[in-house]
Number of protein chains: 4
Amino acid sequence: MKVGIINVTGYAGMELARILLRHPEAEITSITGRSMAGKDIGEVFPHLAELDMTITEDITESVDVVFSALPHAASAKRLAPLIREGVKAVDISADFRLKDLDEYEAWYGTAHPCPELLEEAVYGLPELHRNEIEQTSIVGNPGCYPSASILALAPALKAGIIEPDIIIDAKSGVSGAGRGFSLNTHYSEVNESVKAYGVDGHRHLPEIAQELSLISSNGKVNLTFMPHLIPMTRGIFASCYAPLKEGAISSGEDAIDEVKELYNEFYKNEPFANVVTAPPATKHTLGNNDCVIYPTVDTRTNRLMVFSCLDNLVKGAAGQAVQNMNLMFDLPEDEGLRHVALYP
Amino acid sequence: MKVGIINVTGYAGMELARILLRHPEAEITSITGRSMAGKDIGEVFPHLAELDMTITEDITESVDVVFSALPHAASAKRLAPLIREGVKAVDISADFRLKDLDEYEAWYGTAHPCPELLEEAVYGLPELHRNEIEQTSIVGNPGCYPSASILALAPALKAGIIEPDIIIDAKSGVSGAGRGFSLNTHYSEVNESVKAYGVDGHRHLPEIAQELSLISSNGKVNLTFMPHLIPMTRGIFASCYAPLKEGAISSGEDAIDEVKELYNEFYKNEPFANVVTAPPATKHTLGNNDCVIYPTVDTRTNRLMVFSCLDNLVKGAAGQAVQNMNLMFDLPEDEGLRHVALYP
Amino acid sequence: MKVGIINVTGYAGMELARILLRHPEAEITSITGRSMAGKDIGEVFPHLAELDMTITEDITESVDVVFSALPHAASAKRLAPLIREGVKAVDISADFRLKDLDEYEAWYGTAHPCPELLEEAVYGLPELHRNEIEQTSIVGNPGCYPSASILALAPALKAGIIEPDIIIDAKSGVSGAGRGFSLNTHYSEVNESVKAYGVDGHRHLPEIAQELSLISSNGKVNLTFMPHLIPMTRGIFASCYAPLKEGAISSGEDAIDEVKELYNEFYKNEPFANVVTAPPATKHTLGNNDCVIYPTVDTRTNRLMVFSCLDNLVKGAAGQAVQNMNLMFDLPEDEGLRHVALYP
Amino acid sequence: MKVGIINVTGYAGMELARILLRHPEAEITSITGRSMAGKDIGEVFPHLAELDMTITEDITESVDVVFSALPHAASAKRLAPLIREGVKAVDISADFRLKDLDEYEAWYGTAHPCPELLEEAVYGLPELHRNEIEQTSIVGNPGCYPSASILALAPALKAGIIEPDIIIDAKSGVSGAGRGFSLNTHYSEVNESVKAYGVDGHRHLPEIAQELSLISSNGKVNLTFMPHLIPMTRGIFASCYAPLKEGAISSGEDAIDEVKELYNEFYKNEPFANVVTAPPATKHTLGNNDCVIYPTVDTRTNRLMVFSCLDNLVKGAAGQAVQNMNLMFDLPEDEGLRHVALYP
């Protein structure tokens, strides 16, 4: 299977290369990157020297599948002709995630480059859309925050045990902001500090709302999503809060047991959604493709609390993208993704 | 003014020494510490060598005021005889914070060593209890999380613009866990990781609930308080969420302006509660005695959101303790506390 | 191949489990740990839950090979009976590294538990002792600092281009100090700080001196080895300095080229000793089994400078141990060790 | 005393503002910064909002003393006219440090903007040039590495107890690289990693060599200076190595005592050069103006080893600049500089 990576020089693209380099069924045959075109990958990323390829401006080989790690708008624009030629595509940008074109244009402030392709596109969260992913040739790979947030809340919303009145307080490492320069990624500014950002509305909000509303058995969700920047490189931790729905579940300690059982049942066959019995830490997911989920109840206030975490570059980006590729090509879903977390 | 510090060898005690060493009206005359008794302070903390004192087991001099940085129960036990002799006391432990003895015993799992002193004790948050602090000889210095949390929510609760249905999602640096050894303070375990802890109930919850209920104009608060451990040394960041009360405030963008004005007015004369116009970061408070507060509204969901931060060892412990001492001795409230943040 | 891990609960033991869990020829059949005996591995290390084994006090199964991650003295004592039963052993402690019993007793302050086994033991640095490792049943796995240091200097010493007057200034992440508690591993003490330690002599000095003297074509080395503690979890960086020997090599820029060629030639067939063309960073080795080496010359002073780095838990401990196991069992040397660095 | 700060928006300039804001004899009356001209300082640095001034393009007030934190060449160019008007100047750039114009042009690759001012300029290390600083109106404030390195070696070189054959292996936090963007200051690249840089020659080398050769009683030094980048914000640690001169000092343990005594004597009256009795950590200098120095001897190899550390933005830049100002204006040398380290 020939694979192309568009924009290998960002963190998501580089992580795709890391994973695909050891994937037994994939062969990376083309890698692109604007500013680094003409250089060998080993000059830019010494840990990938073994790949021994030159970065080009465009996909130079015919490929069976292409991953794009370009920014939004640029991504769909570059993918569209390849898709029309029959190449399967996994887009790590936001271009194929939102079903509502108006939402896309409102949040991203630009017209969609190829709205006609949206209908075929599938939101690439295998735990919720596995069958559709297997059938499609365009996957909109979820954002890092949405992956953690949606998996944390889907079971409760589907079962209707919570009011759809949700607060997600999320914490992210700095690599989520990419390899571009800014004060938000400047070491001395973010080290030894924590802050909220995107206070007026973060672009991952609409895709979380879209997916949670879709699965909710109580209608559209009323969602506050608040991201925070934390001094670490990788990892996302989502703390999710919602009131239990009166009558839909027991109260007190029994509620805790019922919630845990509900989550265990929901994810029992999932290779990468692990419901755990003790509060997790992002370090448990460093470098692997797991989303680790701990549901419980604040019995003082009758609120569901779910804590979930993942590696933003793996299950939150490149790992999930490969998981989607595996499904699209009828390979074992965890092929090339059986990394054990690098702990500590 | 002669000052004693009980348990100078923990982080709060050490920080008291740092601040008091430069306080123009205070003279440190006695410092204690169990395991380090007999050693010079400079052997234990080279940066305090200038203090040039020997650590003793007990307060060896008569002092005008004593600070205790012992753990709960041990602290009140050690302070009681000194208080009875007429020494003024600022207790950094939890022993003089809770008004309800049953709450104390339930959360701390021990009988209170001197319940008869509770009536005189004042909760040492100057922004809410300044007059009482000036009159008392026993101050229960607030915890680090409560300082950030209560200051973030007091104006809104007093004004009655929110439902008393509150979620506080707090993030703390590791020094809040003290100088004692555990996996929670072990570098390789907490570095590059974030987690929730105290999921079943953290001991700072009852004092936050006590103070917020006291000031609330809508009765007792229904509070979820969830602390998280973050890989940094100092700093606490509290993200507070509560639904706006219908009819009590405008909706939409107007609500944001009204909330900001309300907060500005509430804290307009406060030296250490700074309402700011852009989302803050804990780094803005590194080493100073400020609590920085940013109130806003999530206009999509009509929720109040307040973000506050402080240095857990300064405004969250030793700095606030000195602020309380200043008030108890009729000194300028900011005497010895005019540090500029060490940024970056 | 049945494998036992003694003291799986330390960082080296845990890392052995991470690597061996995916090794196609190895099956972990017994894991031990004193304080955690009776617990499931997943309770202690959630990221290893998949291993699904109970920690025991002793090796409970007959095994083909055993790794010990116990402290010195305890390790040899526990290994000796297994070795006598015919089990092959890779010892991560210092017990089988030093050839000179007096040196061992002087540096480790204890008698050797089984000096009669020393003769069979091989110093497990495959790049220097591959043939012996293939023949032996006892490997003394090198320390983390020695692995980086010896590989950095061996080519120059063998070729005789430097005076044997060497300074190694090494920098290590905190995980090298293990999972035990101390101020040296206490987050708030080591974060945002750097210091020298072991100033009077670090225990890794004699094994570096032993190996460098062995390979030196100019006799015994005169070695200063100075370790520093750096605020990061994994990684060792060794900066090595030695005067070029007059007449043994060109001077000026030519010396740089000759040195690089010499190193390239020396390591040309090595899977895990990579000579690179730009100064490396420890991040290039995060989680992989590489030792990355950058040799150059300070032409102002005619000094050889070699910078080398590795992951202290992989090439500096568990990874190298598995590399040794592969050699002892005639497997491909890199079996189970083809991890790509987790960058960034 | 009216003070101007040129380029307040870099880290050194910002740190000058932090210190001078609390200096009892100084009043900041003019602050400049190119890209931020027109903004209030509080918008750029919220922790300095209290200063309540607008950033301008040029010094707008007549001032008694001006500090420049501009890059080299630009700095002297901007200072020259002010100096000619009689303003005293402390230049934090390299423009007034090197005595040899050819060295300046070789290392900085540009002609010096005002060579005629060099003769008056004094190298602003008070411990070595106090009298000259008191007399001059132009101080070239030393670099951060040179401050730590020169203070570490001056006593030994002056006393002639070492061969002038020196290796300085230095480790720096990231703030030393300034507030400008690059991969070297990008969080995800430098966090959890260490590397050597400037391997072909760092610009701080010539000023270290100049000062060490000047004080050496054995002639010009033969110097290898090798800086490393460490994942922390503030702090420099210099590890210095040089062979003891045969016959100039005892050997063995006696050498250690003699070295310590020599250093104690040399710095006995210095307020900011502290010779300590245990190996220090950079954390002991966080936010204060100390250079902490630990001299000892590697008795195995008869090498002097000196470890020194300081806060690169204080004693390594802004604090030392204020110390120089105090001397130039006949104020107490430690005025405004009595900060206690912010530990932990």
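For clarity, every value in this text was computed on a predicted model and none was experimentally measured. Because only heavy atoms are used, hydrogens play no part in the values below, and waters and symmetry mates are left out as well, while side chains stay in. Just so we're on the same page: letters track the sequence lines, and every chain starts at 1.
- Contacts between B:R303 and chain A at a heavy-atom distance below 4.5 Å involve the side chain alone, from C-beta outward.
- In terms of the side chain to side chain contact (heavy atoms under 4.5 Å, CB included) criterion, residue partners of A:I19 (sequence neighbours excluded) are, by chain and number, A:E15, A:V314, A:A318, A:V322, A:L337, A:H339.
- If you measure heavy-atom distances from B:T301 to chain A, the contacts under 4.5 Å come from both the backbone and the side chain.
- Using a 4.5 Å cut-off between non-hydrogen atoms, the part of residues 216-234 of chain B that approaches chain A consists of B:N222, B:L223, B:T224, B:M226, B:H228, B:I230, B:P231, B:M232, B:T233, B:R234.
- The two residues B:P344 and A:S188 have their closest heavy-atom pair at CB-O, 3.3 Å.
- Contacts between B:I166 and chain A at a heavy-atom distance below 4.5 Å involve the backbone alone (N, CA, C, O).
- A:Y197 does not touch chain B: none of its heavy atoms, backbone or side chain, sits under 4.5 Å away.
- Of the atoms belonging to A:D169, heavy atoms from both backbone and side chain fall under 4.5 Å from chain B.
- With a 4.5 Å cut-off on side-chain heavy atoms, A:L286 and B:E192 do not count as touching.
- Taking B:A281, B:C309, B:G235 one by one and counting their heavy-atom pairs under 4.5 Å with chain A, the maximum is reached by B:A281.
- For residues 143-157 of chain B, an interface with chain A (any heavy-atom pair closer than 4.5 Å) does not exist.
- Shown here is B:E261, whose CD atom has no more than 12 heavy atoms of other residues, nucleotides or ligands within 6.0 Å.
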Below 3.5 Å, can you tabulate the donor-acceptor pairs from side chains in residues 247-256 of chain A to any protein atom, sequence neighbours excluded?
{"from": "A:S250", "atom 1": "OG", "to": "A:E258", "atom 2": "OE1", "distance (Å)": "3.4"}
{"from": "A:S250", "atom 1": "OG", "to": "A:E258", "atom 2": "OE2", "distance (Å)": "2.3"}

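- Most heavy-atom pairs under 4.5 Å with chain B, from the set A:N302, A:T296, A:D165: that is A:D165.
- Distance alone, capped at 3.5 Å, places no donor-acceptor pair between the A:K195 side chain and the B:F237 backbone.
- Summarising the geometry, atom CG belonging to A:L205 is positioned 5.5 Å from atom CZ belonging to B:R300; distances are rounded to the nearest 0.5 Å.
- Interface summary for chain B: among A:H284, A:K283, A:E189, the most heavy-atom pairs under 4.5 angstrom belong to A:K283.
- In terms of heavy-atom proximity, A:A196 sits nearest to B:P279 at O-CB, 4.0 Å.
- For B:Y343, the part sitting under 4.5 Å from any heavy atom of chain A is the side chain, from C-beta outward, and nothing else.
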